[in-house]
Q: 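Mind looking over this structure? Questions follow.
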Amino acid sequence: MNIDTQLEKSIIAAGQEQVLKYWNELDEQGQKQLAGQLENINFSELSRLIPEYVTSRPKTAIPDDLAPAPYFPMEPADSKQAELYAKAEARGTELLKSGRVCFLTVAGGQGTRLGFDGPKGTYPIGPVTGRTLFAYFAQNILRASKKYQVKFTWYIMTSLLNNQATTSFFAENNYFGLDKDQVFFFTQGTMPAIGYDGKLLLGAKDSLSLSPDGHGGTLLALRKSGALERMTAEGTDIISYFQVDNPLIKMTNPLFIGLHDLENAEMSAVMLAKTGPYEKLGNFCVSQGRLNIIEYSDLPKELAEQTDENGKLAYIAGSPAMHLISRDFIGRLTAGNELKLPWHRADKKIPYLNENGELVTPAEPNGVKLESFIFDALPLAERTMVLECDRDEVFAPTKNPTGVDSVESCRAMLIERDARRLERAGVKVARNADGSVNAKIEISPALVLDDEDAAALVKAENISEISPEDTVVFE
Ligand code: UTP
């Protein structure tokens, strides 16, 4: 078959004819695949992006009026705020019970740092049972569905690269006890990888090198997939958004949900107090009255290290990427089936076909992937809300196999969280001299969502003590 002439013209006009180098060698299926990929590319936009992001390095301008963002503290500051928090908790609980909340997991990433063969959500993170990340969330939702008497819908964003493996995993595991129709998979868009010379890379003779377009792709993908329509039909208008690598997520946090609603926020965010000026979390800032996040790598040293009169970091508020997003806000942003969020450049080692048509896996970065980020929607919101949360209770990201933000640290945090829940319910848990738990504990999220559930479990199972070196699973 011949390539569409219009398409060919725009490829040539953009100086990207190398993508057609093997066209005549391809069978019809290969030609169809490649043509399909090329049709999805806006070549004139690409010609604008390449000089801006690839052949030169984009500079993040730090606005002159940048200031640390205000936030609601973890503990209410005074009695008036305590009253507001109590009201918000009640409101959040009511919203959960009324079925206005749904859940959204972004699981389209490639998880390169973890180096795990398969979708990240299928990683066996459970410290004792090897329960997978997806199972943690699913069982959490199961418990929430019972507690709030609502059949919650769970939206899961995959990418073209892992959609098949993800959906098969759910089918093989019987949706972890959820009804099949409670889970809505949708696939995000892709972006072609670009070599440092500004040329699109081929991953095979019949394929560009494509990668997911970043978690910012979620918003448009929600519209294009029909997810927004389903939310409207089901009457859900608050989306609890979280990442696939954090099994500690408190996706049904009544205080967070209630404050989001009482503050009339279009998009809200959880903030954690950073462990130091250079912790790898985005920084909550304000400029021109709008909330925004400046990446850790972009915050100038003098701002990162700036302290207030008490010696506390001025830019203390870090983002663990947990949000509440209103459905109408997404509807507004994506009206006309378009959304222009800024692009971010990531330098990567991208396998590519060389001059001789051989696949090369480079040892050093050889090109750029462009991604958009969900947090770039924050400044587009008319109203926002930020709530401080306790890191130990909500955030254990699994980015690396070992070290910081790793499988190891995540498992330890899961054990500590479950131990604290038992302790608050009156159980004596064996601890080491350094204070860490001296036992392996895993409580099924299908049993315990919060302290109230933990107290009920302790009572029902008559648990009084976890002895040193014990391995205990509550399933
Ligand atoms: P990360 O930034 O940690 O990227 O994604 P990653 O792809 O999972 O891991 P690395 O950087 O390759 O090691 C944060 C969250 O955003 C999702 C990921 O699945 C994860 O839940 N994500 C990221 C997407 O859904 N799509 C994307 O294009 C990128």
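We count ligands from 1, going down the list as the structure has it; atoms in each ligand are counted the same way. Quick caveat, the model's predicted, so the values are computed rather than measured.
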Q: Which residue and atom name correspond to the protein heavy atom nearest atom 16 (O) of ligand 1, and how close is it?
A: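 Residue, atom and distance for the closest contact: His215 CD2, 3.4 Å.
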Q: Any non-hydrogen side-chain atom of Thr361 less than 4.5 Å from a side-chain atom of Lys349?
A: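 SC-SC contact between Thr361 and Lys349 ruled out.
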Q: For the 3.5 Å polar cut-off, considering only N or O atoms, please tell me whether Val244 and ligand 1 meet it.
A: yes
Q: Side chain, backbone, both or neither: which part of Pro212 comes within less than 4.0 Å of ligand 1 when only heavy atoms are counted?
A: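 It is both backbone and side chain that touch ligand 1.
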Q: May I ask you to identify the nearest protein heavy atom to atom 3 (O) of ligand 1, giving residue, atom name and distance to one decimal place in Å?
A: Lys399 NZ, 2.7 Å
Q: Can you name the atoms of ligand 1, numbered from 1 with element, that are less than 4.0 Å from a heavy atom of Thr112?
A: 9 (O), 10 (P), 12 (O), 13 (O)
Q: What's the shortest distance from atom 26 (N) of ligand 1 to any protein heavy atom, and which residue and atom give it?
A: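 Checked against all protein heavy atoms, atom 26 (N) of ligand 1 sits closest to Gln188 OE1, 2.7 Å.
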Q: Look at atom 25 (O) of ligand 1 and say which protein heavy atom is nearest, naming residue and atom and giving the distance to 0.1 Å.
A: Gly108 N, 2.8 Å
Q: For residues Pro342 and His344, report the shortest heavy-atom separation together with the two atoms involved.
A: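 Shortest heavy-atom contact: O-CD2, 3.9 Å.
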Q: Measuring centre to centre across the rings, with the benzene-like ring taken for any Trp, is Trp154 within less than 6.0 Å of Phe176?
A: no
Q: Could you identify the single nearest non-hydrogen protein atom to atom 6 (P) of ligand 1 and state the distance to 0.1 Å?
A: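 Nearest neighbour among protein heavy atoms for atom 6 (P) of ligand 1, to 0.1 Å: Gly111 N, 3.5 Å.
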Q: Which of the atoms in ligand 1, numbered in the order shown and given with their element, are less than 4.0 Å from a heavy-atom of Lys120?
A: 8 (O)
Q: May I ask you to check whether Gln37 and Glu39 show a side-chain donor-acceptor distance below 3.5 Å?
A: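 Judged by distance alone, the side chains do not pair up.
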Q: Note the single closest protein heavy atom to atom 21 (O) of ligand 1, along with its residue, its atom name and the distance in Å.
A: Val106 O, 2.7 Å
Q: Can you pull out the closest protein heavy atom to atom 23 (C) of ligand 1? Residue, atom name and distance to 0.1 Å, please.
A: Gly109 CA, 3.7 Å
Q: To the nearest 0.1 Å, how far is atom 28 (O) of ligand 1 from its closest protein heavy atom, and which atom is that?
A: Gly214 N, 2.8 Å
Q: With rounding to the nearest 0.5 angstrom, report the OG to CG distance, Ser240 to Leu95.
A: 12.0 Å
Q: For atom 2 (O) of ligand 1, which candidate among Glu371, Gln243, Arg113, Lys348 holds the nearest heavy atom?
A: Arg113
Q: Among Leu299, Asn292, Leu66, which residue satisfies the side-chain contact (heavy atoms from CB on, under 4.5 Å) criterion with Asn283?
A: Leu299
Q: Evaluate the ring planes of His323 and Tyr241, with Trp represented by its six-membered ring, and classify them as parallel (under 30°), tilted (30 to 60°) or perpendicular (over 60°).
A: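 Taking Tyr241 first and then His323, their aromatic rings sit tilted (interplane angle of 30° to 60°).
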Q: For residues Leu219 and Leu333, report the shortest heavy-atom separation together with the two atoms involved.
A: CD1-CD1, 4.2 Å
Q: Counting heavy atoms not belonging to Lys146, are there more than 12 under 6.0 Å from its NZ?
A: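 No, because the 6.0 Å sphere around NZ of Lys146 holds 12 heavy atoms or fewer from other groups.
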Q: Quick check on contacts: which atoms of ligand 1 are under 4.0 angstrom from a heavy atom of Met157?
A: 25 (O)
